[in-house]
Amino acid sequence: MSTTATSGPAQRNLELQYDDLTDIAALPGAARLLRTLDELGLPWAVVTSADRRLATVRLHAAGLPARHLVTVEDTLHGKPDPAPYLAGAALLGVDPKDCLVVEDAQPGVDAARAAGMRVAALRGLTGDVPIRDLDDLADQFAG
């Protein structure tokens, strides 16, 4: 568990992020992908470098559920350390080698690979599972 308190300018920046949700939107296909995973009975979690409050308000603003959430507050180290993804696998009761991580940032890709997980990468990053977008991944699961 992280115990570092945020103060001063960093705290003010966080407070602004908690309240400024005007530009928050789910990635195209995110809701469909989560529905598909649920229909197939596949476990999933959100692993983020945000704190729990910020992650929760942003997911809510994007219209996405957060049944299983791993935040910066749940591990001693953040991405690109594998600890957040290993915590997510443990939370779900899934062997890390059986996990597929969807990532849109290089530190997350690096963290997932260090955890022994496969990666479906977005935004031009190189992944183990080729996808163009989240609808494409939903199609592959439903396939």
Side-chain angles (χ1 to χ4, degrees), residues 1-2 4-6 9-143:
M1 294 280 177
S2 175
T4 305
T6 306
Q11 182 62 39
R12 283 191 297 279
N13 185 33
L14 271 177
E15 291 298 328
L16 291 172
Q17 291 182 50
Y18 296 140
D19 296 331
D20 182 12
L21 303 174
T22 57
D23 64 339
I24 303 298
L27 288 174
R32 179 172 170 242
L33 174 60
L34 297 181
R35 277 193 312 274
T36 300
L37 295 175
D38 286 342
E39 289 167 3
L40 294 171
L42 296 172
W44 60 270
V46 173
V47 176
T48 178
S49 297
D51 68 19
R52 185 162 300 279
R53 179 178 169 202
L54 182 59
T56 301
V57 298
R58 286 185 168 197
L59 287 166
H60 183 267
L64 298 175
R67 263 177 258 136
H68 303 289
L69 180 60
V70 177
T71 71
V72 69
E73 297 162 328
D74 297 317
T75 62
L76 292 176
H77 304 284
K79 302 171 191 176
D81 190 283
Y85 284 120
L86 293 172
L91 177 68
L92 296 173
V94 176
D95 189 313
K97 70 176 177 44
D98 294 329
C99 293
L100 175 66
V101 171
V102 178
E103 253 305 338
D104 65 352
Q106 192 62 50
V109 171
D110 296 343
R113 287 195 173 130
M117 300 174 178
R118 293 181 319 137
V119 178
L122 298 166
R123 299 186 182 182
L125 298 171
T126 302
D128 306 305
V129 176
I131 60 170
R132 292 178 307 261
D133 54 37
L134 296 179
D135 278 318
D136 190 27
L137 188 56
D139 289 342
Q140 288 184 39
F141 276 109

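Partners of R67 according to the side-chain hydrogen bond (donor to acceptor under 3.5 Å, both in side chains) rule, which considers only residues two or more places apart in sequence or in another chain, are D38. Residues satisfying the side-chain contact (heavy atoms from CB on, under 4.5 Å) criterion with L92, sequence neighbours excluded, are P43, A45, H68, V94. Partners of A61 by side-chain contact (heavy atoms from CB on, under 4.5 Å), not counting sequence neighbours, listed by chain and number: L21, I24. With sequence neighbours left out, R32 forms a salt bridge (charged side-chain N to carboxylate O under 4.0 Å, His left out) with D135, D139.
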What side-chain donor-acceptor pairs closer than 3.5 Å can you find for residues 95-105, not counting sequence neighbours?
unit_1: D95; atom_1: OD1; unit_2: K97; atom_2: N; d: 3.0
unit_1: E103; atom_1: OE1; unit_2: A105; atom_2: N; d: 3.2
unit_1: E103; atom_1: OE2; unit_2: K79; atom_2: NZ; d: 3.0
unit_1: E103; atom_1: OE2; unit_2: Y85; atom_2: OH; d: 2.4

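Rounded to the nearest 0.5 Å, atoms CD (Q140) and OG1 (T36) are 11.5 Å apart. Atom CZ in R58 sits 13.0 Å away from atom CG in L64 (nearest 0.5 Å). Atom CG of residue L42 and atom CZ of residue F141 lie 6.0 Å apart, to the nearest 0.5 angstrom. From I131, atom CD1 reaches atom CG of L122 across 4.0 Å, with rounding to the nearest 0.5 Å. In this structure, L34 CG and W44 CH2 are separated by 4.5 Å, a value rounded to the nearest 0.5 Å. Between T48 atom OG1 and E73 atom CD the span is 10.5 Å, to the nearest 0.5 Å.
Side-chain contact check for L59 versus L69: some heavy-atom pair is nearer than 4.5 Å. The closest side-chain heavy-atom distance from T71 to R53 is not below 4.5 Å.
Closest of all the heavy-atom pairs between A26 and A62 is N-CB, 3.6 Å. V70 and A87 get closest at one heavy-atom pair: CG1-CB, 4.1 Å. In this structure, A83 and T75 approach most closely via the heavy-atom pair O-CG2, 3.7 Å.
Within the structure, the salt bridge (charged side-chain N to carboxylate O under 4.0 Å, His left out) test picks out the following pairs touching residues 109-119 (sequence neighbours left out): R113-D128.
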